[in-house]
Amino acid sequence: MAISFSLKGKTAIITGANTGLGQGLCLGMAEAGANIVGVSRSDDSETERKAKALGAEYFSVKADLQSTEPIAGIIEKTIEKFGTLDILVNNAGIIRREDSINFSEKDWDDVMNVNLKTVFFFCQAAAKQFMKQGNGGKIINIASMLSFQGGIRVPSYTSSKSGLMGLTKLLACEWAKDNINVNGIAPGYMDTNNTEALRNDPDRSAEILGRIPADRWGLPEDIAGPAVFLASSASDYVNGYTLAVDGGWLAR
Ligand code: NAP
């Protein structure tokens with residue numbers, strides 16, 4: 001059997017496509033041959049331009065994923081445009097930083113809604129579509145080091161990402177028999193908007209860099225290869241696993 005990492009002819013929905021890791025994921029999948037449905041609430045023209053330069057089709061859908069309301073429409077538009085859905089990458093996510101003793105209910109709800117509730121219902125909608133098509137499918141949830149560790153001052157983020165790793169396992173157990181692979185990627189400390197506050201704090205920044213064995217912050221392109229692997233037929237017997245892409249952070 002030939003091993004294939006090709007995504008040629010496949011259609012991938014990727015949320016948070018406009019920037020950071022989402023852009024890296026779009027470009028990696030575009031390079032592997034997928035049609036990209038980029039879901040963003042902000043201008044994603046840079047991602048669109050770069051994906052098209054790689055020869056991919058790129059379809060931009062605007063949506064605010066703070067609520068589950070846009071999900072059905074995104075799937076519908078994807079099918080209208082490309083005819084099938086094969087891959088879902090739940091990448092959009094937010095973080096709020098505050099001491100737990102002062103943490104607000106709004107910062108709890110906002111983070112849990114985008115990072116966990118919307119992700120669950122997006123997985124559910126994609127799986128229904130996969131089952132209707134009858135050819136299986138691939139779901140990749142973007143987790144975090146805080147799916148494994150506690151962290152500090154980010155209680156809703158740690159809860160959402162720890163919950164997401166558990167949810168990834170549960171969905172894999174329910175849907176593996178339908179040839180739907182649900183897996184996660186846990187990025188380490190990556191140079192994106194998400195970590196801007198940490199990188200701007202000289203003490204925290206030095207502390208973090210000092211314990212990354214690879215001796216550098218990660219870049220959006222670092223998660224592209226692992227994501228293409230998990231989206232391709234090369235990973236058909238990988239179910240419910242969250243792969244750390246962290247420059248060795250967890251190995252330390
Ligand atoms: P980022 O640059 O802040 O990107 C977050 C993405 O999510 C943006 O596209 C953002 O859109 C989108 N988003 C947030 N809220 C949204 C909403 N309500 N509706 C639609 N889109 C929304 O950070 P990133 O590092 O690339 O983060 C991507 C994912 O990786 C997140 O799930 C994050 O938790 C995870 N992660 C990041 C790191 C890291 O070190 N950077 C580590 C572990 C995990 P806007 O640009 O419009 O806000």
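Both ligands and their constituent atoms are indexed starting at 1 by order of listing.
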So is [X] touching ligand 1 or not, going by heavy atoms under 4.0 Å?
{"X": "G218", "answer": "no"}
{"X": "G188", "answer": "yes"}
{"X": "K161", "answer": "yes"}

Of all the non-hydrogen atoms in the protein, which one sits nearest to [atom], and at what distance?
{"atom": "atom 6 (C) of ligand 1", "value": "G16 CA, 4.1 Å"}
{"atom": "atom 23 (O) of ligand 1", "value": "N194 CB, 3.3 Å"}
{"atom": "atom 43 (C) of ligand 1", "value": "P187 O, 3.4 Å"}
{"atom": "atom 24 (P) of ligand 1", "value": "T192 OG1, 3.4 Å"}
{"atom": "atom 19 (N) of ligand 1", "value": "L65 N, 2.7 Å"}
{"atom": "atom 21 (N) of ligand 1", "value": "A92 CB, 3.8 Å"}
{"atom": "atom 37 (C) of ligand 1", "value": "L21 CD1, 3.7 Å"}
{"atom": "atom 48 (O) of ligand 1", "value": "R41 NH2, 2.8 Å"}

ask   = Looking only at heavy atoms, which two atoms of P155 and R153 are closest? And how far apart?
value = CD-C, 3.4 Å
request  = Could you pull out the closest heavy-atom pair between P187 and I185, with the gap in Å?
outcome  = CD-O, 3.2 Å
Going by the atom numbers of ligand 1, which of them fall below 4.0 Å from some non-hydrogen atom of [X]?
{"X": "Y157", "value": "33 (C), 34 (O), 35 (C), 36 (N), 43 (C), 44 (C)"}
{"X": "G93", "value": "5 (C), 7 (O), 14 (C), 31 (C), 32 (O)"}
{"X": "I142", "value": "29 (C), 30 (O), 35 (C)"}
{"X": "Y189", "value": "40 (O)"}
{"X": "S42", "value": "45 (P), 46 (O), 47 (O)"}
{"X": "N18", "value": "8 (C), 9 (O), 11 (O), 45 (P), 46 (O)"}
{"X": "G20", "value": "26 (O)"}
{"X": "T19", "value": "2 (O), 4 (O), 8 (C), 9 (O), 46 (O)"}

note = In terms of its nearest heavy atom to atom 29 (C) of ligand 1, the top option of N91, V119, L146 is N91
Selection from M190, R199, K62, E196 by shortest heavy-atom distance to atom 40 (O) of ligand 1 = M190
For the residue pair [X] and [Y], establish whether any side-chain heavy-atom pair is separated by less than 4.5 Å.
{"X": "F59", "Y": "T11", "value": "no"}
{"X": "T19", "Y": "T192", "value": "no"}
{"X": "N141", "Y": "C123", "value": "yes"}
{"X": "D109", "Y": "K106", "value": "no"}
{"X": "Q124", "Y": "I71", "value": "no"}
{"X": "M190", "Y": "I223", "value": "yes"}
{"X": "E69", "Y": "T118", "value": "no"}

ask   = Under 3.5 Å, is there a donor-acceptor pair between the side chain of S40 and the main chain of N18?
value = yes
ask   = Counting only N and O atoms by type, is there a donor-acceptor contact under 3.5 Å from the side chain of S104 to the main-chain atoms of D107?
value = yes
At under 4.0 Å between heavy atoms, which part of [X] makes contact with ligand 1: side chain, backbone, both or neither?
{"X": "P220", "value": "neither"}
{"X": "I94", "value": "side chain"}
{"X": "A63", "value": "backbone"}
{"X": "T195", "value": "side chain"}

Step through the shown structure and confirm whether more than 12 heavy atoms of other residues, nucleotides or ligands are within 6.0 Å of [atom1] on [X].
{"X": "K177", "atom1": "NZ", "answer": "yes"}
{"X": "E76", "atom1": "CD", "answer": "no"}
{"X": "K132", "atom1": "NZ", "answer": "no"}

query = Is D64 in polar range of ligand 1, meaning some N or O pair under 3.5 Å apart?
reply = yes
query = Going by distance only, is there an N or O of V114 that falls short of 3.5 Å from an N or O of ligand 1?
reply = no
key: Residue pair W249, Y189: steps toward the ring pair (Phe, Tyr, Trp, His ring centres under 6.0 Å) verdict   = CA-CA 8 Å; W249 175 274; Y189 285 82; 4.6 Å; yes
message = Looking at E48 and K52, is there a salt bridge between them, counting it only when a charged N and a carboxylate O are closer than 4.0 Å?
response = yes
